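I have a structure here, written as structure tokens, and I will follow up with some questions on it.
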2 protein chains.
Amino acid sequence: MKLSEHKIVEKKAEILTAAQVCFVEKGFHNTTINDICRESGMSAGNIYRYFDSKEMIIEAFAMEELQWMTTAIKDLPSSPDMLQAIVDTAFWTAATLMREGRPELNAELFAEAGRNPRISAIYSKFNRQLITEICLALEEIENNGLLVLRHERQSIAMLIISLVDGLVLNQIINTDLDIMTMRPVIETMVTSLFAKPAEDR
Amino acid sequence: MKLSEHKIVEKKAEILTAAQVCFVEKGFHNTTINDICRESGMSAGNIYRYFDSKEMIIEAFAMEELQWMTTAIKDLPSSPDMLQAIVDTAFWTAATLMREGRPELNAELFAEAGRNPRISAIYSKFNRQLITEICLALEEIENNGLLVLRHERQSIAMLIISLVDGLVLNQIINTDLDIMTMRPVIETMVTSLFAKPAEDR
DNA sequence: TCATTATGAATGATCATTCATTCATGATAT
DNA sequence: ATATCATGAATGAATGATCATTCATAATGA
């Protein structure tokens, strides 16, 4: 009996979940197909029915992981206090990315992007989306006139993204880096990028 | 004729330089000993006279790369304008780490630290040194009384480090990220962590 | 029964590591 | 000065392990 499209997606997801567990502890390249077999309870041959190669598993995984990040931003609420919304989202994103082996996966993705053009392309695409999204939010801030941006929208967006990425990755080597206690500092730094219309620069 | 201690160090350095070239383009795990042979013009057997294993080459390389970072900070000048010195050093460090395949190597190091306890230990050690060094500079700022820290010393140090790391790594996936145009934003963010004594918080 | 899914041993490639051998150079003896 | 030796440096083919991938076969179920 042929599997429905839906069931196929489910199977793939199952494999990717197993792969993720392996990737966290061994990284992309030290994870073997057999590791993924063990973790998913599937045979090697069967995994190859759903993915053409190990490479494709890594790619699909990267897509999924990065997709997560952009959807997280997508519902950046269009609240009256847009600045607070940005700070909250940045903080929440960092906090979420710091749980459950996520920092390790992020490091793996950066490293892979550095040498694998396909992963790099995927990452770039999502990153551009992310920047665009943040810029839109910044535009909204400018338009409502309560605050002035002290720098270019693009630059501000990149800096916020970098700050979050940096915090997440540093968690790997500094396990007692507690994001909660960082909140006030993050708030100060992000807020400093804006000024009241009167004072300007 | 036995090689002098000095010559041995030189040989090792030669191998590490070749390894670095390979690591940039293929990462630690896709680099083979033969790649390093080709790049260094040495035979496999000979390389094993200087390093016990590929693992040890990676470790030695990590040491060297991280050492660089701490020495860069070590001569954080004890200038009258300590705040400016910190901003300058952060900026200069980021700018330097963004050249010549360094972002790729940094990503590789983070990824490796996430799964290899020996690399993680090395990285943690250097990171602690870095934080200590920055905290000392912050203490000096507090002592001379011209500025007040708006947050804990440790937190400020970690945030600055994270910001720099994040910028460096984002360079990998955003090749038109130009650190020069980021300078004013970095300056704003770092400066925001301090206040004049009068206003305080 | 037959179409499809699943298995897992077999295949072939790649690699880290080893080791028998060669090479280079300085010391020693004539 | 020349020939011989000794020592450690360097080579690169061979070894053995590990893996991604394939495929002949079995299970499943409509």
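Both backbone and side-chain heavy atoms feed into the values below; hydrogens, waters and symmetry mates do not. Protein chains get the first letters and strands the later ones, always in sequence-line order, with residue 1 at the start of each. Fair warning: this is a prediction, and the values are worked out from it, not measured in the lab.
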Checklist line | Qualifying ring pair (Phe, Tyr, Trp, His ring centres under 6.0 Å) pairs with a residue from residues 162-182 of chain B, counting only residues at least two apart or across chains | finding: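 The answer is none; no pair qualifies.
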Item checked: Pairing residues for A/Lys54 by the side chain to side chain donor-acceptor pair (under 3.5 Å) criterion, not counting sequence neighbours ->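 With neighbours one apart ignored, the set is empty.
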Check: Tell me: CD1 of A/Ile47 to C1' of C/dT5, nearest whole Å?
Finding: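 It works out to 14 Å between those atoms.
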Check: Using a cut-off of less than 4.0 Å, is there contact between a side-chain N or O of A/Tyr50 and OP1 or OP2 of C/dA6?
Finding: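 So the side chain of A/Tyr50 is within the cut-off, an N or O lying under 4.0 Å from OP1 or OP2 of C/dA6.
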Notebook entry, point to check: Would you say A/Gln129 has more than 12 foreign heavy atoms packed within less than 6.0 Å of its CD?
Noted result: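 Check passes, neighbour count above 12.
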Check: Rounded to the Å, how far apart are B/Tyr48 OH and D/dT15 C1'?
Finding: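 Going from B/Tyr48 (OH) to D/dT15 (C1'), I get 13 Å.
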Notebook entry, point to check: Taking atom C1' of C/dA16 as reference, at what distance in whole Å does atom CE of B/Met56 sit?
Noted result: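 After rounding, the gap between these two atoms is 15 Å.
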Check: Between atom NZ in B/Lys54 and atom P in C/dT17, what is the gap in whole Å?
Finding: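 After rounding, the gap between these two atoms is 8 Å.
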Notebook entry, point to check: What parts of residues 7-18 of chain B reach DNA chain D, counting only heavy atoms under 4.0 Å away?
Noted result: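 Within residues 7-18 of chain B, the residues near DNA chain D are B/Lys11.
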Notebook entry, point to check: With sugar-phosphate meaning primed atoms plus P, OP1 and OP2, does B/Phe51 contact a base, only sugar-phosphate, or nothing at under 4.0 Å between heavy atoms?
Noted result: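 Touches nothing.
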Item checked: Atom-to-atom span, NZ of A/Lys26 to P of D/dT18 - whole angstrom ->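 To the nearest whole Å, that distance equals 11 Å.
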Item checked: Nearest-neighbour nucleotide for the A/Asn46 side chain, C/dT17, D/dT21, C/dA6 considered ->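 Ranking C/dT17, D/dT21, C/dA6 by closest atom to the A/Asn46 side chain puts C/dA6 first.
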Item checked: Residue pairs passing the salt bridge (Lys or Arg N to Asp or Glu O under 4.0 Å) test where at least one lies in residues 124-137 of chain B, sequence neighbours excluded ->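 Salt bridge (Lys or Arg N to Asp or Glu O under 4.0 Å) check on residues 124-137 of chain B returns no pairs.
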Check: What are the two closest heavy atoms between B/Ala157 and B/Leu138, and how far apart are they?
Finding: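 The pair with the smallest heavy-atom distance is N-CD1, 4.3 Å.
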Next item on the list: Write out all pairs satisfying salt bridge (Lys or Arg N to Asp or Glu O under 4.0 Å) with one or both partners inside residues 105-121 of chain A, taking only residues at least two apart or from two chains.
Entry: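 Pairs touching residues 105-121 of chain A that pass the test: A/Glu59-A/Arg118, A/Glu108-B/Arg115, A/Glu112-A/Arg115, A/Arg115-B/Glu108.
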Note to self: Under the salt bridge (Lys or Arg N to Asp or Glu O under 4.0 Å) definition, can you give me all pairs with a residue in residues 168-183 of chain B, not counting sequence neighbours?
What the structure shows: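 Of all non-adjacent pairs touching residues 168-183 of chain B, those that pass salt bridge (Lys or Arg N to Asp or Glu O under 4.0 Å) are B/Asp88-B/Arg183, B/Arg183-B/Glu187.
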Next item on the list: Could I get the full list of ring pair (Phe, Tyr, Trp, His ring centres under 6.0 Å) partners for A/Tyr123, not counting sequence neighbours?
Entry: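 A/Tyr123: ring pair (Phe, Tyr, Trp, His ring centres under 6.0 Å) contacts with A/Phe110.
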Throw together a table of side-chain donor-acceptor distances under 3.5 angstrom for residues 6-17 of chain B, partners on residues two or more places apart or in other chains.
unit_1: B/Thr17; atom_1: OG1; unit_2: B/Ala13; atom_2: O; d: 2.8

Next item on the list: Kindly point out which of C/dT18, D/dT22, C/dT5 is positioned nearest to the side chain of A/Arg49?
Entry: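 Closest of the options to the side chain of A/Arg49: C/dT5.
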Notebook entry, point to check: Which residues, if any, of residues 30-43 of chain A bring a heavy atom under 4.0 Å of DNA chain C?
Noted result: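 Residues of residues 30-43 of chain A under 4.0 Å from DNA chain C: A/Met42, A/Ser43.
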